[in-house]
Student: 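If you scroll down you'll find the structure; I have some questions about it.
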Amino acid sequence: MATAKQKVIYVCTECGYESAKWNGKCPECGEWNTFTEEVREQTKPAAASKGGYSASLVSEMDAVPIDDIDITDELRYDVGISELNRVLGGGLVKGSAVLLGGDPGIGKSTLLLQVCGKLCGKMKVLYISGEESRTQIKLRAKRLGVGGQNLLVANKTDLSAVLALVDSIKPDVVMVDSIQTISSEAISSSPGSVSQVKECALMITRQAKMAGIPVILVGHVNKDGGIAGPKVLEHIVDTVLHFEGDRNYAYRVLRAEKNRFGSTNEIGLFEMRSGGLVDVENPSQALLSERPHGVSGNCVCCTMEGSRPILAEVQALVTKTGFGQPRRTSTGFDFNRTALIIAVIEKRIGYFLGGMDTYINVVGGLRLDEPACDLPVALAVLSGLTDTVISDRLIAFGEIGLAGELRSVSNVEARVHEAIRQGFDCCILPEQCVRVLPENLKKRIRLFGVKNLYEAFAVVRGDVQAEQ
Ligand code: TYD
Ligand code: MG
């Protein structure tokens with residue numbers, strides 16, 4: 001018989017590392033002040049049978065040849081929201097578990113309820129909320145214009161009640177808002193603790209897989225923007241989505257951080273309106289709509305988000321430092337990459353930024369994490385520094401090397417195509433990239449193939465004519 005006794009352990013809320021004593025700094029992930037106390041029931045497993053396993057538990061049929069596995073029922077549900085379908089890799093896979101994370105108030109519950117509204121026309125949807133009362137959900141649903149007999153709403157926080165409810169109702173899709181509010185009685189630690197979140201996510205996911213019901217779980221994020229609870233939570237589910245953006249701006253970006261059934265490069269862009277989230281079908285146009293004209297420090301770049309080219313505006317403000325140490329901030333672009341670009345400008349172009357504060361901002365809450373965005377950032381800084389206005393019909397892309405040289409990037413054709421589509425008539429790009437472009441595209445836009453940052457800046461100042 002199993003023997004049970006209680007033991008106090010300390011668990012890192014960041015990575016799930018367990019220790020017998022409290023630590024200020026986690027030896028595993030290096031985070032400070034993340035250890036919380038948890039009480040564990042220690043159960044000793046019943047003595048294993050001979051050899052450590054029981055032969056009666058398995059049969060030869062448990063392992064089948066891969067060719068014999070039938071995939072005709074690998075089904076994707078169209079969630080009715082095209083941007084979400086895109087991020088999921090073409091729809092919600094039957095029996096999959098999706099974790100949706102994001103800052104409070106970013107719109108996770110709104111998105112889920114809108115998905116429920118789209119799905120409940122075709123199938124039975126169960127929306128379990130541990131955060132809001134049924135009346136609150138109804139009020140929100142009314143605002144979003146969501147309703148129907150097939151959308152069932154429940155207030156449950158107990159894991160066994162959630163599992164039993166899913167079992168008895170047998171819905172086609174389950175939504176849980178949020179996983180941190182669900183707790184299991186079998187675990188003595190408080191709701192939201194690492195072991196509770198882990199256990200609840202595991203049980204709900206297991207049930208979803210066995211019954212073939214897709215489940216979407218909402219996960220809170222911690223102060224650094226990661227999903228609260230240990231990394232193991234991200235291992236348990238099939239897909240991890242992150243809802244990002246500034247609550248003060250209307251645009252929201254949905255990003256896949258992990259996806260067992262699709263690419264993680266795709267992003268979905270939404271706009272929060274009074275009637276809920278709306279798909280942004282032409283992101284470039286939306287992101288460039290409020291561009292100031294004739295102002296220095298602005299440059300348009302073309303970044304690839306998955307298979308989709310998106311034009312975005314990079315802004316740089318360069319001003320004299322008030323104090324000894326220059327301030328550098330970077331929103332939407334890697335801070336270390338900004339420091340590198342500034343160093344290249346100082347060393348290779350000869351402008352001194354040591355006494356200048358430099359602020360970089362990517363408009364619309366977009367994050368540019370592609371080397372191709374080096375050139376537009378550098379040009380925006382140079383433009384801001386020298387008060388040179390960059391033509392508002394010019395785009396630039398290219399990776400900058402430490403010698404100030406421009407290196408070629410991928411998807412050149414798609415980027416140039418998008419620039420033409422959005423009405424741009426001039427493009428600065430690495431010299432090698434021009435060669436790969438088809439002739440007919442070259443005729444539709446003025447291309448400046450440049451070798452280094454110096455040449456690129458000369459084009460911006462108007463010293464160089466287009467090479468056609
Ligand atoms: P919510 O979905 O509750 O966020 P989360 O679940 O991620 O915490 O989003 C709430 C925010 O969205 C709130 O600030 C109000 C705003 N909102 C709208 O602008 N329009 C709407 O139609 C709805 C329902 C919410
Ligand atoms: Mg919510």
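All ligand and atom numbering here is 1-based and tracks the order in the structure.
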Student: Would you say the side-chain atoms of Asn85 pair up with the backbone N or O of Val79, donor to acceptor, closer than 3.5 Å?
Tutor: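 Checking the backbone N and O of Val79 against the side chain of Asn85, a donor-acceptor pair under 3.5 Å is found.
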Student: Give a yes/no answer: is there an N/O/S atom of Ser109 under 2.8 Å from the Mg ion (ligand 2)?
Tutor: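 An N, O or S atom of Ser109 is closer than 2.8 Å to the Mg ion (ligand 2), so yes.
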Student: Under a 4.0 Å heavy-atom cut-off, what residues line ligand 1?
Tutor: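 Those residues closer than 4.0 Å to ligand 1 by some heavy atom are Asp103, Pro104, Gly105, Ile106, Gly107, Lys108, Ser109, Thr110, Arg140, Arg143, Leu144, Met272, Arg273, Ser274, Gly275, Gly276.
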Student: Do the numbers put Arg415 on top of the ring of Phe397, so that NZ or CZ is under 6.0 Å from the six-membered ring centre and no more than 45° off the axis?
Tutor: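 Verdict for Phe397: a cation-pi partner in Arg415.
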Student: For Lys156 and Leu165, indicate whether the former's side chain and the latter's backbone hold a donor-acceptor pair under 3.5 Å.
Tutor: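 No; judged by distance alone, with no hydrogens or angles, the pair does not exist.
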Student: For the pair Asp279 (side chain) and Ser82 (backbone), establish whether a donor and an acceptor sit closer than 3.5 Å, ignoring hydrogens and angles.
Tutor: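 Yes.
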Student: Could you report the tightest heavy-atom contact between Ile395 and Cys302, atom names first, then the distance?
Tutor: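 Reported closest heavy-atom pair: CD1-CB, 3.8 Å.
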Student: For Ser178 and Glu131: C-alpha separation, side-chain torsions, deciding distance, then whether side chain to side chain donor-acceptor pair (under 3.5 Å) applies.
Tutor: CA-CA 7 Å; Ser178 65; Glu131 302 207 331; 2.9 Å; yes
